[in-house]
Amino acid sequence: PVSDSDGMVQYLGGPLGPMDKASAVALAVIAAPLTEEFVFRGYLYGVLKKHFGPLAAMLASALLFAAVHQNLPAIPALAALAIGLTLAYELTGSLWAPVVMHALFNSISVVVILFFPQWIPNV
């Protein structure tokens, strides 16, 4: 979810040149989904699942994923997103499903920030 308390919203909404915006978009749409999915679904979820079972691992990794984004109002929605990403990983057996889903989610968020800032709630 997008709120104006989010660092990326503030950064992309600020006075940036085209190269800065392109770099931020690449980070949000490519680098972040790849990195976060390998860390949260590929590693953390797998380790927690081995020790605590799939449900506890999914919930714990989802809450940590949400907390790492440091956007308090968005924690419930980010945790729900992470649960969906974990379910996609489980159902497909591949990290590519959550990576693509995460990239799509971030792409939609970036489009809203850049082209529809009036839709972003003041939180």
Side-chain angles (χ1 to χ4, degrees):
V2 179
S3 74
D4 70 358
S5 65
D6 187 276
M8 186 58 83
V9 172
Q10 293 173 3
Y11 184 74
L12 278 174
L16 298 175
M19 290 305 292
D20 292 327
K21 283 193 182 192
S23 296
V25 168
L27 285 171
V29 175
I30 299 167
L34 281 168
T35 303
E36 291 177 358
E37 292 314 311
F38 277 91
V39 170
F40 286 98
R41 257 56 66 195
Y43 177 73
L44 184 63
Y45 171 71
V47 169
L48 292 172
K49 181 180 170 183
K50 194 178 295 184
H51 294 286
F52 302 104
L55 182 59
M58 180 171 58
L59 295 175
S61 62
L63 289 174
L64 187 57
F65 173 84
V68 163
H69 286 83
Q70 298 179 0
N71 185 345
L72 192 60
I75 284 180
L78 288 168
L81 171 67
I83 288 169
L85 295 171
T86 304
L87 291 172
Y89 176 55
E90 277 291 332
L91 288 170
T92 65
S94 170
L95 276 176
W96 287 112
V99 166
V100 169
M101 290 169 60
H102 194 153
L104 180 60
F105 177 85
N106 285 5
S107 296
I108 292 167
S109 296
V110 166
V111 166
V112 169
I113 293 165
L114 292 176
F115 300 106
F116 304 99
Q118 69 275 14
W119 294 356
I120 302 170
N122 294 323
V123 179

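In the hydrophobic cluster analysis, where Ile, Leu, Val, Met, Phe, Trp and Tyr join through side-chain heavy atoms closer than 4.5 angstrom, Leu63 is grouped apart from Val39. Placement of Phe115 and Val25 within a single hydrophobic cluster is found when ILVMFWY residues are connected by side-chain heavy-atom separations under 4.5 Å, directly or transitively. Transitive grouping of hydrophobic side chains (ILVMFWY, heavy atoms separated by less than 4.5 Å) brings Val29 and Leu114 into a common cluster. Hydrophobic clustering, with ILVMFWY side chains joined whenever heavy atoms are under 4.5 angstrom apart, groups Leu44 together with Val68. A chain of hydrophobic side-chain contacts below 4.5 Å, direct or via other Ile, Leu, Val, Met, Phe, Trp or Tyr residues, connects Tyr89 to Leu55.
Pairing each heavy atom of Ala66 with each of Ala79, the nearest pair is CB-N, 3.7 Å. Minimum interatomic distance between Ile120 and Ile113 (heavy atoms only, all atoms of both residues): CD1-CA, 3.9 Å. The nearest pair of heavy atoms linking Leu27 to Pro33 is O-CD, 4.2 Å. Closest approach of Ala32 to Asn106, counting heavy atoms only: CB-ND2, 4.3 Å. Of all the heavy atoms in Leu48 and Ala60, the pair that sits closest is CD1-CB, 4.0 Å. Closest of all the heavy-atom pairs between Met101 and Gly84 is CE-O, 4.1 Å.
With rounding to the nearest 0.5 Å, the separation of CD in Glu37 from CG in Leu85 is 4.5 Å.
Judged by distance alone, the side chain of Ser61 and the main-chain N or O of Met58 form a donor-acceptor pair under 3.5 Å.
Under the ring-ring contact (aromatic ring centres under 6.0 Å, His included) criterion, Phe65 pairs with Phe40, His69, His102, not counting sequence neighbours.
Residues Ile83 and Leu59 are in side-chain contact: their nearest non-hydrogen atoms beyond the backbone lie under 4.5 Å apart.
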